[in-house]
Amino acid sequence: VLGSCDVVNQLGELIACPSSNPPGDTKRVAEVVATRMAEHGFRAALHAPPEAPEMVSVITESGEGHPCVLFHAHLDTVPPAAPDQWISDPFTARMKDGRVFGLGACDDKGPLAAMMVAAQRIAERRQTGRIVVVGAADEEAAGVRGTAWLREHGAFMETDFAVIGEQTHNRIALCHKGTVRLVVAIRGRSAHATQPDRGVNAIHAMAELIRDIEQYHQILACHPHPLLGAGTASVNLIAGGRAGNVVADDCEATIDRRIVPPDKPTQVIEQIRDLLRGVERRRGVSAEVLSAEISPWFQAPGGDPMTQRFMEVIQSITGHDPGPVGYPPGSDAKFFMPLLSRIPTIVFGPGSHEQAHAVDEWVSVEELNECMRVLEVFGTSVLGGACGHA
Ligand SMILES: [Zn+2]
């Protein structure tokens, strides 16, 4: 298999640097990326926001000017799902049946390892322009102190094409879902449980809201996005009441609403407020949205020459349909939305998002190497001239 040792070894080294988020400390893994890239002549710099000095991102680059190709992957992982159920230590890479197991194997240290090795090979043959590899902190906690912070400080301004490494089975994804997460509160009136009709039960009112959310979810299902499927709504956290013998006067719930293009977060929040007003009228409670966390969706037009070329390279290396496909979870690609008119951006990488955030997370060695080869051949064809063939 082409280059298997390089990428698998690099992945093993990244897995051995814990970077679970929370707490989101990426210092050690960022230093490893900086050191390995510097060994191949890359300039490397670590960056962290002053308010979160442990959330270290790394930018490494080789060459000058344009064209500039950017490879981006995130450094942090979720904490290991049920660590006692893993067959072996999540922080020690293990090879079995053509798979690498370990926390972050596919999300997102696999893409990062493939990008590092591909960029090193591109740099060896590069005749023009610049290759940049970014390892970003804080993606699993929405990316505000990682990619968003880097963008605000001008990190991506001189880029001509960006690849965001996530799990697409080595197809191009040009869109992903967004999230609106709302905490809602219902206030009623307490009473002794021997005479519940004297009170106004906030938990009972919340039960009605939950039924309304289920109906709302069914309506959303009728209007799917062609690549991402439909938006969704579900209630995933709930708390309320004071004691078993007191009518509950308050109840709070967290609603997770996944949005797809062209949903507007402000409209989505208004739709949920409408449901709350309905419950207020019918139940005599007061209801409000306490907070709304918004993470935007991503949708790129595609069709530009760089994206076209990337698709051709996928086809020639893997022989499979290059896409475009949808990537259902969120990613740091959302932060490139305001830059899309200048920087065509795609999501691309080995494995499936269903392997991510799971016990015994794994990535296929074959897909890992295919990913590296696609990146290498694409980058070399853009920056190196001569060696653009598979
Ligand atoms: Zn990821």
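For ligands, and for the atoms within them, numbers begin at 1 and follow the listed sequence.
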Residues 238-247, side-chain donor-acceptor partners within the protein, below 3.5 Å, at least two apart:
from, atom 1, to, atom 2, distance (Å)
Arg242, NE, Asp249, OD1, 2.7
Arg242, NE, Asp249, OD2, 3.4
Arg242, NH2, Asp249, OD1, 3.2
Arg242, NH2, Asp249, OD2, 3.4

Can you tell me if His353 has an N, O or S atom under 2.8 Å away from the Zn ion (ligand 1)? no

Residue pairs meeting ring pair (Phe, Tyr, Trp, His ring centres under 6.0 Å), one or both in residues 44-74, sequence neighbours left out, come to none

Metal proximity, Glu140 vs the Zn ion (ligand 1), N/O/S cut-off 2.8 Å: no

Would you say the ring centroid of Phe310 lies under 6.0 angstrom from that of Phe348? yes

Looking at Asp107, the N, O or S atom sitting nearest the Zn ion (ligand 1) is OD1

Within one Ile-Leu-Val-Met-Phe-Trp-Tyr cluster: Val144 and Phe298, side-chain cutoff 4.5 Å: no

OE1 (Glu166) to the Zn ion (ligand 1) to NE2 (His74): angle, nearest 10 degrees? 120°

